[in-house]
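As structure tokens, the structure follows; a few thoughts come after it.
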Amino acid sequence: MKRAMQELLDGLEDAKDRITNMNDKIHEDFAIGLNAAIGPLQMKDEALEASIEALKLDVQEKDNTHQAEIEAPKVEIQELKTKLVLCKNSIANGATANDAYTVQAAPRIEVLKPKDFKELAMTGLFSAYKMGKFNLSHRVVLAPMTRCRALNGVPQPALSEYYGQRSTEGGLLITEATPITQEGIGFPHVPGIYTEEQIEAWKKVVDAVHAKGGPIFRQLWHVGRASHKIYQPGGCAPISSTSLSISENWKILMPDGTQDNFSKPRALETSEIPKIVERFRRAAINSIRAGFDGIELHAAHGYLIDQFLKDGINDRIDKYGGSIENRCRFLMEIIRVTVAAIGGDRVAIRISPAINLFEAMDSDPLNLGLTVIEQLNSFQADTGSKLAYLHVTRPRFMPSREQVSENEEAKLMQTLRRAYHGTFMSSGGFTRELGMKAVTDSDADPISYGRIFISNPDLVYGFKINAPLNEYVRETFYSHDPVVGYTDYPFLGQEGSDKDSYMTKVCS
Ligand SMILES: Cc1cc2nc3c(=O)[nH]c(=O)nc-3n(C[C@H](O)[C@H](O)[C@H](O)COP(=O)(O)O)c2cc1C
């Protein structure tokens with residue numbers, strides 16, 4: 001019985017082994033079969049991927065060829081248009097048909113081709129720049145410029161068109177100076193930022209710029225004594241750091257287009273100053289509410305803040321006058337409250353220590369500039385708030401009243417630039433070449449362009465291809481027309497443009 005059981009157990013063991021062997025064999029066969037089946041599939045897959053890659057390369061190559069084919073005639077057209085402009089220009093300037101032909105045959109300028117753009121993109125004005133949180137794709141900035149095209153202090157659709165025309169992807173625009181209160185007005189038809197209606201209207205301007213991908217800062221303005229009773233609420237005297245008037249050598253533009261003397265100002269009481277500081281703070285908040293990317297405090301060109309900074313004007317005996325630190329106090333208080341309200345990276349400052357516009361003279365412009373800069377540096381270090389930029393106007397902007405020589409000016413600007421810890425923007429008399437040089441030599445980060453940006457809505461493109469530029473018409477700088485001399489300057493090669501009418505007017 002025992003043996004019979006043992007035989008049965010052995011038989012079972014045998015059967016188990018056979019089953020295990022069979023299972024292994026089946027698995028083995030299955031694995032071989034599977035591999036045999038997957039192998040070709042994998043190969044097909046790889047072959048498929050390879051042919052997709054080949055196709056992609058082919059499409060890319062065709063696309064490149066196409067692109068080149070499309071660009072070539074575009075460049076040719078641009079070259080022809082440039083030659084045409086040169087030709088028309090020569091005729092307008094009294095050249096004979098023969099001269100015109102010579103110009104046409106040998107243009108004075110070299111128009112760049114798109115292949116050169118790649119190299120250009122790395123250099124000077126055309127190199128990208130990180131300005132705090134803003135990624136600028138080039139260094140050509142629209143300088144703030146008063147253009148008097150508002151209606152009852154409210155921006156009109158023409159402003160959206162004007163700023164929209166001048167915006168580029170990643171290109172910074174700064175608006176015209178905008179009064180923070182009615183008392184801050186000293187020009188006719190300027191758009192403010194102190195009523196809800198104004199904020200709503202500015203939103204459309206901002207939208208037009210943002211639609212093109214560029215940031216826009218608003219310049220905040222109080223003219224102080226550079227005003228006339230006619231612009232003041234209730235016909236009161238304008239306010240200032242002083243009660244001294246701007247002399248009759250300077251004139252103010254009146255609402256009817258005539259000129260008059262500036263009105264005698266009233267010196268602010270010390271206790272009134274916080275109210276003005278508060279107005280700057282409110283205007284900064286209003287700017288952000290209107291969608292602006294930041295604000296620039298106008299502490300330049302003889303307006304209210306400059307009237308505190310300069311010892312040729314500020315004759316106060318309180319804590320806002322006397323020592324250079326006291327004269328900087330008003331500016332620093334405004335910076336402090338605006339930074340607290342909207343953040344340092346949205347606050348910029350413009351100064352012009354060496355410009356005596358409206359008799360804003362200082363006995364030591366370099367020391368004044370350096371003191372402002374030291375205070376800005378300390379403020380940034382103490383608070384950890386980096387300001388957006390410091391914008392400095394070169395004295396050259398006012399050649400007829402120039403106080404300093406070209407050498408002195410270069411030294412002054414370089415000293416200020418080296419002293420400031422942050423983005424340094426320079427303005428005044430820059431051409432394409434001077435801008436390229438300033439950025440390459442690290443004399444400035446971005447450059448702001450004024451007059452030639454008025455007359456060349458696509459200035460950035462014009463600079464890129466090194467095209468001849470439209471001349472500006474000084475007579476229409478401050479006229480009230482929403483089109484003429486404002487939005488009607490022709491774009492490069494614009495069809496049917498009346499470009500030559502601008503080209504013939506030479507304005508210094
Ligand atoms: C018509 C006109 C209006 C200006 N308005 C302002 C202004 O509102 N705020 C300001 O800071 N500078 C103003 N400026 C000065 C410009 O911002 C700029 O610094 C000046 O034109 C020098 O640059 P440019 O040589 O490129 O023109 C104005 C200049 C012009 C020609």
Side-chain angles (χ1 to χ4, degrees), residues 125 139-150 155 159 162-163 166 172-180 184-193 216-224 226-227 252-253 295-306 309 348-358 360 389-402 409 413 424-436 438 444 446-456 459-460 462-463 469-481 484-486 489 507-508:
L125 288 174
R139 319 285 186 109
V140 183
V141 174
L142 173 69
M145 278 178 295
T146 297
R147 303 306 314 279
C148 306
R149 262 65 178 193
L159 274 80
Y162 170 80
Y163 286 106
R166 283 155 186 78
L172 175 65
L173 304 188
I174 310 168
T175 69
E176 59 213 278
T178 48
I180 57 165
I185 299 177
F187 263 81
H189 313 298
V190 287
I193 184 67
I216 177 163
F217 271 51
R218 162 203 298 297
Q219 193 183 53
L220 296 185
W221 196 26
H222 194 310
V223 298
S227 186
I252 183 167
L253 186 61
I295 55 133
E296 180 183 284
L297 296 169
H298 197 345
H301 305 169
Y303 296 115
L304 183 63
I305 303 177
D306 209 20
L309 290 175
I349 296 104
R350 182 170 208 187
I351 57 167
S352 59
I355 285 186
N356 65 348
L357 200 61
F358 306 134
Y389 59 84
L390 174 67
H391 190 177
V392 183
T393 321
R394 300 201 301 175
R396 198 172 302 182
F397 168 48
M398 300 288 296
S400 56
R401 297 181 168 88
E402 206 169 357
E409 176 202 286
M413 292 300 284
F424 188 92
M425 188 186 296
S426 195
S427 180
F430 281 97
T431 56
R432 178 186 190 275
E433 287 64 35
L434 289 173
M436 290 295 273
I447 306 282
S448 85
Y449 285 88
R451 291 162 288 186
I452 53 172
F453 220 149
I454 286 181
S455 53
N456 293 276
L459 181 70
V460 180
F463 273 176
L469 300 175
N470 302 322
E471 302 277 356
Y472 51 80
V473 182
R474 191 181 287 281
E475 293 73 25
T476 53
F477 277 174
Y478 303 112
S479 57
H480 190 40
D481 195 299
V484 179
Y486 192 53
Y489 279 104
C507 305
S508 58

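Order of listing sets the numbers, starting from 1, for every ligand and every atom in it. Throughout, residue positions are numbered sequentially from 1 according to the sequence presented.
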Among Val473, Val484, Leu459, which residue meets the side chain to side chain contact (heavy atoms under 4.5 Å, CB included) test with Tyr489? Val473
Determine, using heavy atoms of Gly429 and all atoms of ligand 1, whether some pair is separated by less than 4.0 Å. yes
Does some non-hydrogen atom of Tyr478 fall short of 4.0 Å from ligand 1?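 In this structure, Tyr478 qualifies as a contact of ligand 1 - some heavy atom is under 4.0 Å.
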Those residues that, when tested against Tyr162, pass ring-ring contact (aromatic ring centres under 6.0 Å, His included) (two or more places apart):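 Partners of Tyr162 under the ring-ring contact (aromatic ring centres under 6.0 Å, His included) test: Tyr486.
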Which ligand 1 atoms are under 4.0 Å away from a heavy-atom of [X]?
| X | result |
| --- | --- |
| Phe477 | 1 (C), 31 (C) |
| Ala143 | 17 (O) |
| Ala177 | 8 (O) |

Once you restrict to heavy atoms under 4.0 Å, what part of Tyr449 touches ligand 1? Side chain, backbone, both or neither. backbone
Ligand 1 versus Ser427, non-hydrogen atoms closer than 4.0 Å: side chain, backbone, both, neither?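 Side chain only.
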Contacts of Tyr163 that satisfy side-chain hydrogen bond (donor to acceptor under 3.5 Å, both in side chains) - sequence neighbours left out: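 side-chain hydrogen bond (donor to acceptor under 3.5 Å, both in side chains) list for Tyr163, sorted by chain: Glu176.
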Side chain proximity check, Leu172 to Pro446, heavy atoms < 4.5 angstrom: no
Arg166 side chain vs Val141 backbone, donor-acceptor pair below 3.5 Å: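 Looks like no, no N/O pair under 3.5 Å.
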Is a side-chain donor or acceptor of His480 paired with a backbone partner of Cys148 at a separation under 3.5 angstrom?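 Yes; judged by distance alone, with no hydrogens or angles, the pair exists.
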Minimum heavy-atom distance Arg394-Leu434, with the two atoms named: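 The answer is NH2-CD1, 4.4 Å.
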Can you confirm whether the side chains of Arg350 and Thr393 place a donor and an acceptor under 3.5 Å from each other? yes
Check this for me - ligand 1, Arg451, N or O atoms closer than 3.5 angstrom, yes or no?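 Yes, at least one N or O pair falls under 3.5 Å.
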Test of proximity, Thr146 against ligand 1: N or O pairs below 3.5 Å: yes
If you take the nearest heavy atom of each of Gly450, Pro144, Ser352, which one is closest to atom 16 (C) of ligand 1? Pro144
Which one of Arg394, Arg350, His391, Glu176 has a non-hydrogen atom at the shortest distance from atom 12 (N) of ligand 1? Arg350
